Amino acid sequence: MSAASEEVSDVTAHGKEPTLKRVLGPKLLLLFIVGDILGAGVYAVTGTMAGTVGGIVWLPFLLAFVVATLTAFSYLELVTQYPQAAGAALYTHKAFGIHFVTFLVAFAVVCSGITSASTSANVLAQNFFGGLEINGWMGKPGQGVITAVALGFMLLLAAINLRGVGESVKFNVVLTVVEMAALCIVIGVGFFVMAQGTGNPGEIFVFNDSQDKGLFLAVTAATSIAFFAMVGFEDSVNMVEETQNPEKIFPRTMLTGLGIAVLLYMLVAVSVVSVLSPTELEGIREAEGAALLEVVHKGSPDFPIDRVFPFLAVFAVANTALINMLMASRLIYGMARQHVLPGALGKVLPVRRTPWAGIAFSTVLALGLILYVTSDPESNIVANLSGTTAFLLLCVFTVVNVACLVLRRKRHPHRKVFFTSPGPLPLVAALLCAFLAGPWVGRNIIQYQIAGGLMAIGVILWLITWLINRRANDGDRVDS
């Protein structure tokens with residue numbers, strides 16, 4: 001079929017509203033996944049993790065990778081069977097058929113993307129002004145200025161998103177290369193220090209129980225924190241309607257992206273431990289995005305890398321936010337097409353063929369969330385937002401893994417299967433995700449409060465949607 005005829009088919013397949021354009025091949029999809037997993041996560045959580053477990057900070061990254069990969073198997077089984085943009089919500093609806101549960105899952109995923117993007121926006125603003133301060137270009141700004149930059153950044157992302165997924169993904173390619181370069185600088189500094197014989201490689205296997213949790217609880221808590229750095233692979237399933245031959249390329253591409261991410265994370269963790277002393281590791285718990293900057297600053301005192309690194313970090317977290325908002329808008333679009341959200345949220349720009357209504361809705365939610373969390377000057381904004389993101393996604397992943405088992409039993413015996421998660425792995429993944437979402441991992445109660453507030457908004461929106469659908473159905477019966 002020619003490109004022109006494909007385009008016509010895309011526009012007319014669902015009537016008057018055009019469908020999304022398939023622009024993602026294997027390379028762009030891989031960069032999308034890697035760029036989404038990398039970024040704000042490793043900057044936001046490495047300091048907290050190092051302050052919790054000390055030298056074995058690499059171990060929680062590895063364990064989080066295992067849990068993420070087990071869940072990725074379930075996602076791959078489902079996305080190759082149901083290649084539609086609604087992702088976790090679609091799988092939940094097909095498995096259980098309960099509209100209320102479907103809506104809650106959909107809204108939880110949307111909120112996780114928005115809380116993650118809001119985390120990135122705040123980390124970006126902090127690193128941007130940190131770079132200006134390190135270079136002596138300005139003093140430390142107030143929280144109001146940082147918040148204003150974070151809000152402006154979210155509006156810029158909306159404009160890029162409206163321009164089109166092709167432009168957004170191309171922008172993602174540039175940002176992914178920059179963020180990988182930034183992490184490679186951290187890794188290079190760490191191995192340079194070890195080569196000079198001035199590092200602390202022996203600390204890599206030393207557990208520092210600074211919070212008196214014990215090895216198991218401390219590693220579990222750090223793994224729950226590290227999970228924020230490993231999420232992102234699930235965003236790609238919401239881009240499936242814009243991916244070429246998704247049944248064939250998704251499994252290999254997603255697993256490759258996860259492997260690249262955990263390799264870079266573990267090398268970064270080794271570098272952090274090698275450069276910083278045990279006392280410094282304990283002290284960077286509250287450093288948020290400054291933990292890796294501290295490694296670069298101490299490990300390369302004779303080079304001005306620390307003057308450039310904050311701006312590279314800005315690009316890295318910008319990439320995370322871009323992809324999060326891409327995911328949120330596409331999920332809103334997909335759920336509107338499935339009649340779980342009002343149909344107006346499924347509107348697409350005729351020329352650019354981007355889901356403008358979903359973009360506008362997700363951006364407004366992000367702006368409101370940033371204003372809310374920054375209203376308390378005493379709160380740890382990045383830690384609370386990143387922890388809320390991880391909690392929401394762990395709950396969603398638990399449901400998706402269970403849905404995978406349910407849909408496997410419902411599958412027609414003659415239906416073509418492209419990928420199947422091995423044996424009982426979905427059950428194992430569901431149990432692990434549920435465990436990491438629990439209060440026993442030391443999660444701050446504020447994160448549960450934020451998540452609860454967001455889900456309360458979800459219940460209100462579900463009720464509005466239910467009333468709209470009911471009124472439409474009643475109208476149909478009267479007309480008939």
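Note that the structure is predicted; figures quoted are calculated from it, not measured.
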Inset, instruction - Find the distance between SG (C395) and CG (L104) and round it off to the nearest 0.5 Å. - result: 11.0 Å

Inset, instruction - Please indicate whether I445 has more than 12 foreign heavy atoms, meaning atoms of other residues, nucleotides or ligands, lying under 6.0 Å from its CD1. - result: no

Inset, instruction - Report the C-alpha distance between W356 and V348 in whole Å, list the side-chain angles of each, state the deciding distance to 0.1 Å, and finish with yes or no for side-chain contact (heavy atoms from CB on, under 4.5 Å). - result: CA-CA 6 Å; W356 68 265; V348 175; 5.6 Å; no

Legend entry - N127 and F309, any side-chain heavy atoms less than 4.5 Å apart: no

Legend entry - Closest approach of R408 to E77 (non-hydrogen atoms, all atoms of both residues): NH2-OE1, 2.8 Å

Inset, instruction - Applying side chain to side chain donor-acceptor pair (under 3.5 Å), name anything that partners S116, two or more places apart in sequence or on another chain. - result: N324

Legend entry - Interatomic distance, S362 atom OG to I114 atom CD1 [nearest 0.5 angstrom]: 5.5 Å

Legend entry - L29 and M254: CA distance, side-chain angles, deciding distance, side-chain contact (heavy atoms from CB on, under 4.5 Å) verdict: CA-CA 8 Å; L29 182 62; M254 183 182 288; over 6 Å; no

Legend entry - Straight-line distance of L156 CG to I160 CD1, nearest 0.5 Å: 4.0 Å

Inset, instruction - Determine which pairs satisfy side chain to side chain donor-acceptor pair (under 3.5 Å) with at least one residue from residues 446-460, sequence neighbours left out, and list them in order. - result: R443-Q447

Side-chain atoms of residues 255-270: list all donor-acceptor pairs with protein atoms under 3.5 Å, sequence neighbours left out, distances to 0.1 Å.
unit_1	atom_1	unit_2	atom_2	d
T256	OG1	R252	O	2.7
Y265	OH	I37	O	2.6
Y265	OH	A229	O	2.7

Inset, instruction - Measure across V399 and V105 and return the closest heavy-atom pair with its distance rounded to 0.1 Å. - result: CG1-CG2, 4.1 Å

Legend entry - Student check: side-chain heavy atoms of V67 and L63 closer than 4.5 Å: no

Legend entry - Side chains of I332 and V110 in contact at under 4.5 Å (non-hydrogen atoms): yes

Legend entry - Any side-chain heavy-atom pair of V459 and F107 under 4.5 Å: no

Legend entry - Side chain to side chain, T119 and F228, heavy atoms closer than 4.5 Å: yes

Legend entry - Smallest separation among heavy atoms of F128 and F311, with atom names: O-CE2, 3.9 Å

Inset, instruction - Drop me the distance from W58's CH2 to S271's OG, to the nearest 0.5 angstrom. - result: 14.5 Å

Legend entry - Within-4.5 Å side-chain heavy-atom neighbours: M154 and M325: yes

Legend entry - Distance-only donor-acceptor check, side chains T115 and T389, under 3.5 Å: yes

Inset, instruction - Start with the C-alpha distance between L183 and V42, add both sets of side-chain angles, then the distance that settles side-chain contact (heavy atoms from CB on, under 4.5 Å), and finish with yes or no. - result: CA-CA 9 Å; L183 294 182; V42 69; 3.8 Å; yes

Legend entry - Taking every non-hydrogen atom, the tightest pair across P426 and C404: CG-SG, 4.0 Å

Legend entry - V53 side chain reached by N208 side chain, heavy atoms, under 4.5 Å: no

Legend entry - Closest non-hydrogen atom pair between C433 and F397, with its separation: SG-CB, 3.7 Å

Inset, instruction - Would you indicate whether Y372, at its atom OH, is surrounded by more than 12 heavy atoms from other residues, nucleotides or ligands within a distance under 6.0 Å? - result: no

Inset, instruction - Decide yes or no for W466 and F103: does some side-chain heavy atom of the first lie under 4.5 Å from some side-chain heavy atom of the second? - result: no

Inset, instruction - Of all the heavy-atom pairs spanning M49 and A222, show the shortest one and how long it is. - result: CG-O, 3.9 Å

Inset, instruction - Kindly determine whether L345 and Y333 satisfy side-chain contact (heavy atoms from CB on, under 4.5 Å), including the steps that lead there. - result: CA-CA 6 Å; L345 292 177; Y333 159 85; over 6 Å; no

Inset, instruction - Give, for atom SG of C111 and atom CG of L392, the distance between the pair rounded to the nearest 0.5 Å. - result: 6.5 Å

Legend entry - T92 side chain to T102 backbone, donor-acceptor under 3.5 Å: no

Legend entry - T388 side, atom OG1; L454 side, atom CG - distance, nearest 0.5 Å: 7.5 Å

